[in-house]
Structure formats: structure tokens, C-alpha cells
Enquirer: 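Next up is a structure, given as C-alpha cells.
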Number of protein chains: 2
Amino acid sequence: MSKMQKEHTLTKNQQIVFDLVEKSSEPLKAYSILFNVQKKGIKAPLQVYRALDRLVEIGKIHKIESRNAFIACHNSSCQVAKATAFSICEICEKVTEISSAGLSKYLTNFKDKDGMKYSKYNLEFFGLCKKCR
Amino acid sequence: MSKMQKEHTLTKNQQIVFDLVEKSSEPLKAYSILFNVQKKGIKAPLQVYRALDRLVEIGKIHKIESRNAFIACHNSSCQVAKATAFSICEICEKVTEISSAGLSKYLTNFKDKDGMKYSKYNLEFFGLCKKCR
DNA sequence: CTTTCTAATGTTATATTATTACATAACGTT
DNA sequence: AACGTTATGTAATAATATAACATTAGAAAG
């Protein structure tokens, strides 16, 4: 484990939800997660949302805001989930996390007209993926 | 009217919804819009959502995805709503549309590892606004 | 080991956001 | 006038998310 990354031991529900999201090749929606973890004893939406909230907080997963869906983090450099970028195919809905040092550097250092600097950002690109073009 | 911008005559419901969003100093949520236009004869959520969808499509308003709220476009350069950027204060929830030629140019030209270029993006920055700092 | 504190869990109910389905009306074009 | 298209009206319901409150589990201190 990296020295820089704080260790977060996942609780039971968090682990169950994370395992599912992590295994998935596509972003999962909260109620789809709920349906799929009911056999593991999670019965209510709130149990899922609480686990998701915490997992987002510690950067293990990200929320795709335009889709209300969750995807595991595949970018070791966004450990605290403060700088996220995704590409989304508008046909097949495939979502990929973008790991670009240049992009991340540009946005992290971006200052607006008032000189305001931001502590966090989320960027979603839309277009057609290779397959769908 | 700019030569570049296509003229879109708004229909009755679209105009009612747009007028409200346009007057507002903060992003409005769909059901808050509904409540506020009931005196104008709009009675159902769907009427609001249809107007919002169309207004977003033609670039008169934008959706703040992380807040499920809508704000009028204040950026003459994003006429077709394909390149949007906002700053969001995490305390007071003030939202401002960012107009930065540099940012817009950088993102519009951004290509990922596979050389994929995108037709659209939405960027949301989070931090504390002047007042809340 | 037991008290205390905190975080996580369990459970029910409900709030909020958004869409499906279908019927009708308005409008431009031929 | 007939036709196709877009907008509207309406009811019902689906999908997403949170409030409120009770209970349990685990860590830390004495």
C-alpha cells in the first residue's frame, strides 16, 4: 500500500457494495446495487446509499453525476476523489475514467477570473466511443 | 441577434419556464419551477421537464448535474451547450458559469490516450466562494 | 473488563426527481 | 383539406434519495 494513501478498512456493507461495483464493467445505479446485494443481507436503499457515500468520500468509487451511477476508481492518482474526469459514450453508455496528468494538472491549477481556486472538480466528456463511431 | 446563433422561438411553456429560470439568481430545481409556474397554467411535472429538456437542448439553460438544478446560460460562447463549466460553492451553493476562453479551448481540444475527441463536456468545480471563505 | 464514545447498521416511512403512456391540440406544408 | 410534426394536457407510476429513530458493534480509556 502506498505511503501516501490512508488505509481505510471497509465495513461489512461497504465491502459488499464495493465488491459489486468493482467487479462491474459498467457504472451501477444504486437500486441495481441494492437488488444485487439483497442476497448478502442488505435490505434497504439507505444501507446502499450510506455505503456509497462513504466509498465516494474515501475515493474508492466515483459518482457519474450525469448518470446517477457509480464506478470503481481506476486511477491511482485520484486517491481522494477530488479531481475526476470521465468519458461517456452517448450511444452505448460506456464510461471510462480518464487518467491524464496534463488534464489533471491544468484543472487543478485552474483559477477563475476572481482568482478563485477550487478544491475539487468533476469533468464529464461526451462523445462516441470507438465501437460506436 | 448573432449570425451564428440559430433563432429558436420559444413556445408558451418553454417561455414561461425560461422566464423564471432566467430571472433567478440561483439554480432552480424542476419541482420548484413547477410550483412557481402553476399560476401560469402549468400543472404537471412533465410540462416542466419537457420545457427544460428543450431549453437545455437549444442552450438557453444548463443543468447543474451534481445538483439536479437548472440555470440560465450566461455565456454567449456556449450557444449550443456543448461546453459548459461551473463553479459551485459548497457552503452557500452559489453557482457561477465560468467563461474562460483558455479553459474552453483546452477542453474542446482535449484528446484522450486513444486519440478520442469529444463533442461535448460538462465541468463542475467545487470550492468556497469569496463570501464563504 | 466495563464504561463511554463514536461509527455503522437496521428499519420504516417518506421526499424528491423523472419518465411512460396515451389523448388532444396547434401549426406548417403540400 | 389532408398530412405530418411538434407541443400540450393529464394521470399514473418509476426511479432516485433522504429523514427519523432505534439498535448494535468496535475502539479507546480507565
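In the text below, chain A, chain B and the rest are named by the order of the sequence lines, each starting its count at 1.
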Enquirer: If only atom types and distance count, is the side chain of Glu97(A) paired as donor or acceptor with the main-chain N or O of His74(A) below 3.5 Å?
Expert: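 At least one qualifying donor-acceptor pair exists.
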
Enquirer: Please compare Pro45(B) and Ile42(B) by the position of their nearest nucleotide in DNA chain D and report the one closer to 5'.
Expert: Ile42(B)

Enquirer: Quick check on the 6.0 Å ring-centre criterion: do Tyr121(A) and Phe126(B) meet it?
Expert: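 When the ring centroids of Tyr121(A) and Phe126(B) are compared, they turn out to be at least 6.0 Å apart.
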
Enquirer: Would you say a side-chain N or O of Lys43(B) is under 4.0 Å from OP1 or OP2 of dG9(D)?
Expert: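 Answer no for this pair, as no side-chain N or O of Lys43(B) is under 4.0 Å from OP1 or OP2.
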
Enquirer: Under 4.0 Å, heavy atoms only, any strand: does Arg54(A) hit a base, just the sugar-phosphate, or nothing?
Expert: sugar-phosphate

Enquirer: Nearest whole Å is fine: how far is dT6(D) C1' from Ile58(B) CD1?
Expert: 14 Å

Enquirer: In whole angstrom, what separates Gln15(A)'s CD from dT9(C)'s C1'?
Expert: 16 Å

Enquirer: Does the pair Glu124(B) and Asn122(B) meet the rule for a side chain to side chain donor-acceptor pair (under 3.5 Å), with working shown?
Expert: CA-CA 7 Å; Glu124(B) 297 179 7; Asn122(B) 179 57; 3.0 Å; yes

Enquirer: With distance as the sole criterion, is a donor-acceptor pair present between the side chains of Ser66(B) and Glu65(A) under 3.5 Å?
Expert: no

Enquirer: Round to the nearest Å and state the distance from Leu28(A) atom CG to dA17(D) atom P.
Expert: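 So the two atoms are 13 Å apart, to the nearest Å.
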
Enquirer: Is there a side-chain contact between Val17(B) and Leu55(B), using heavy atoms and a 4.5 Å cut-off?
Expert: yes

Enquirer: Ring of Tyr31(B) versus six-membered ring of dT17(C): centres under 5.5 Å and planes under 30°?
Expert: yes

Enquirer: Expressed as a whole number of angstroms, how long is the span from Lys29(A):NZ to dT19(C):C1'?
Expert: 12 Å

Enquirer: Look at Thr11(A) and dT9(C) and indicate whether a side-chain polar atom (N or O) is within less than 4.0 Å of OP1 or OP2.
Expert: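 For dT9(C), OP1 or OP2 has a side-chain N or O of Thr11(A) closer than 4.0 Å.
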
Enquirer: When the nearest nucleotide of DNA chain C is assigned to Arg67(B) and to Leu46(B) on a heavy-atom basis, which residue is associated with the more 5' position?
Expert: Arg67(B)

Enquirer: Rounded to whole angstroms, how far apart are CD on Gln47(A) and P on dT24(D)?
Expert: 15 Å

Enquirer: Indicate whether OP1 or OP2 belonging to dA17(D) is found under 4.0 Å from a side-chain N or O atom of Asn68(A).
Expert: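 Result: yes.
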
Enquirer: Atom CD1 of Ile64(A) and atom C1' of dT16(D): how far apart are they, to the nearest Å?
Expert: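 After rounding, the gap between these two atoms is 16 Å.
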
Enquirer: Find the distance Tyr49(B):OH to dT8(D):C1' and express it as a whole number of Å.
Expert: 18 Å

Enquirer: If the cut-off is 4.0 Å, is Lys63(B) near the phosphate of dA18(C), judged by side-chain N/O to OP1 or OP2?
Expert: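 Looking at the OP1 and OP2 atoms of dA18(C), one of them is under 4.0 Å from a side-chain N or O of Lys63(B).
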
Enquirer: Check whether any side-chain N or O of Lys12(A) sits under 4.0 Å from OP1 or OP2 of dG10(C), and answer yes or no.
Expert: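 It does, given that an N or O in the side chain of Lys12(A) lies less than 4.0 Å from OP1 or OP2 of dG10(C).
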
Enquirer: Can you tell me how far P of dT16(D) sits from CD of Glu65(B), to the nearest Å?
Expert: 14 Å

Enquirer: Between Asn13(A) and Gln47(A), what is the shortest heavy-atom contact and its length?
Expert: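 Reported closest heavy-atom pair: ND2-NE2, 4.0 Å.
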
Enquirer: Is there a side-chain contact between Leu20(B) and Phe18(B) (heavy atoms, below 4.5 Å)?
Expert: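 Heavy-atom side-chain distance check fails, nothing below 4.5 Å.
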
Enquirer: Taking the minimum atom-to-atom distance to the side chain of Arg50(A), which one of dT16(D), dG10(C), dG9(D) wins?
Expert: dG10(C)

Enquirer: Between dA18(C), dT8(D), dT9(C), spot the one nearest the side chain of Asn13(A), thanks.
Expert: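 My answer, after comparing the listed nucleotides, is dT9(C).
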
Enquirer: Looking at five pairs on each end of the helix from dC1(C)-dG30(D) to dT30(C)-dA1(D), what is the angle between the two axes, given to 10 degrees?
Expert: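 Both end axes considered, the difference amounts to 40°.
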
Enquirer: Over all heavy atoms of both residues, which pair between Val21(B) and Ile71(B) is shortest? Give the atoms and the distance, please.
Expert: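 Shortest heavy-atom separation between Val21(B) and Ile71(B) comes out as CG1-C, 3.7 Å.
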
